[in-house]
Chemist: 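This is the structure I want to talk about, given as structure tokens.
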Amino acid sequence: MKELNFETGLMEMAVNGGRTIRFNPADIGFLDLLYGLLGKIEAIEAETRKKQGQTEDLAKLFDRSRASDKRMREAVDSVFGEGFSADVFPGIRLTALAGGLTVLENFIFAIVDEMDESVRDNLSKREGRIAKYTAKYQARNNVVPLE
């Protein structure tokens, strides 16, 4: 049986030595998933801030922070697979600051940067490949049959 193989753009990336993710960095559908995840995280953070503003009880603040982190981890795991957060962010709250962003923002923006680079690279290659195929099939159509 013949096999048809073609480029899908899928790549694997190791994430902080904890897990491997597999995605096409030029796929806008994956970017949509990431922005959806960011939306969920922002909603969880807003809800937590609102509740935390209503109390000065430290125990309740810490309880809400743990509950918020758990919900964020569930949201991340829903995109990247069960247990992903535990493997990639062990012992760290996703909202912990590192380098001016939260740990989770660092992760997501690292992926977005990779996607941006991949899209630019693919677009630069696209015109040449299309021109090659256009020329190839145009030449076939211009062949005059022998009589």
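Since the model is a prediction, treat every value here as computed from it, not as a measurement. Throughout, numbering of the chain's residues begins at 1 and tracks the sequence.
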Chemist: CG of Asn106 to CD1 of Ile108: how many Å apart, nearest 0.5 Å?
Modeler: 10.0 Å
Chemist: Using the rule that two of Ile, Leu, Val, Met, Phe, Trp, Tyr join whenever any of their side-chain heavy atoms come within less than 4.5 Å, decide whether Leu94 and Leu61 are in one cluster.
Modeler: no
Chemist: As an exercise, state the distance from CG of Asn24 to CG of Asn122, rounded to the nearest 0.5 Å.
Modeler: 7.0 Å
Chemist: Hydrophobic clustering (ILVMFWY, side-chain heavy atoms < 4.5 Å, transitive) - are Val76 and Leu97 grouped together?
Modeler: no
Chemist: Answer yes or no: does atom CG of Leu123 have more than 12 heavy-atom neighbours from other residues, nucleotides or ligands under 6.0 Å?
Modeler: yes
Chemist: Would you call the rings of Phe107 and Phe80 parallel, tilted or perpendicular, where under 30° means parallel and over 60° means perpendicular?
Modeler: perpendicular
Chemist: What distance separates Met72 CE from Arg93 CZ, expressed to the nearest 0.5 Å?
Modeler: 10.0 Å
Chemist: How long is the gap from CD on Glu74 to CG on Asp69, to the nearest 0.5 Å?
Modeler: 10.0 Å
Chemist: Please report the closest heavy-atom contact between Ser78 and Lys40, naming both atoms and the distance.
Modeler: OG-NZ, 4.1 Å
Chemist: If I compare all heavy atoms of Ala96 with all of Ile92, which pair ends up nearest, and what's the gap?
Modeler: CB-CG2, 3.9 Å
Chemist: Ser118 side chain to Glu114 main-chain N or O, any donor-acceptor pair under 3.5 Å?
Modeler: no
Chemist: Measuring from Ser65:OG to Leu58:CG, what's the distance to the nearest 0.5 Å?
Modeler: 11.5 Å
Chemist: Please tell me if the side chains of Glu117 and Asp113 come closer than 4.5 Å, counting only heavy atoms from C-beta onward.
Modeler: no
Chemist: Closer than 3.5 angstrom, by distance alone: can the side chain of Asn16 be matched with the main-chain N or O of Gly18 as a donor-acceptor pair?
Modeler: no
Chemist: Do Val119 and Ile21 belong to the same hydrophobic cluster, where Ile, Leu, Val, Met, Phe, Trp and Tyr are linked whenever their side-chain heavy atoms lie under 4.5 Å apart, directly or via other members?
Modeler: no
Chemist: Flag the pair Arg66 and Asp63 as a salt bridge only when some basic side-chain nitrogen lies within less than 4.0 angstrom of an acidic carboxylate oxygen.
Modeler: yes
Chemist: For the residue pair Pro25 and Gly9, what are the closest heavy atoms and their distance?
Modeler: CD-O, 3.5 Å
Chemist: Spell out, yes or no, whether Val79 and Phe109 are grouped together once hydrophobic residues are joined by side-chain heavy atoms under 4.5 Å, including indirect joins.
Modeler: yes
Chemist: Taking all atoms of both residues into account, what is the closest heavy-atom pair of Met115 and Phe23, and its distance?
Modeler: CG-CE1, 4.1 Å
Chemist: Write down the atom of Thr102, the atom of Thr95, and the distance for their closest heavy-atom approach.
Modeler: CG2-O, 3.7 Å
Chemist: Taking the side chain from Ser68 and the backbone from Arg64, do they hold a donor-acceptor pair closer than 3.5 Å?
Modeler: no
Chemist: When rounded to the nearest 0.5 angstrom, what distance separates CG in Asp77 from CG in Leu37?
Modeler: 10.0 Å
Chemist: Using only atom types and a distance under 3.5 Å, with no angle test, would you say the side chain of Arg19 pairs donor to acceptor with the backbone of Asp87?
Modeler: no
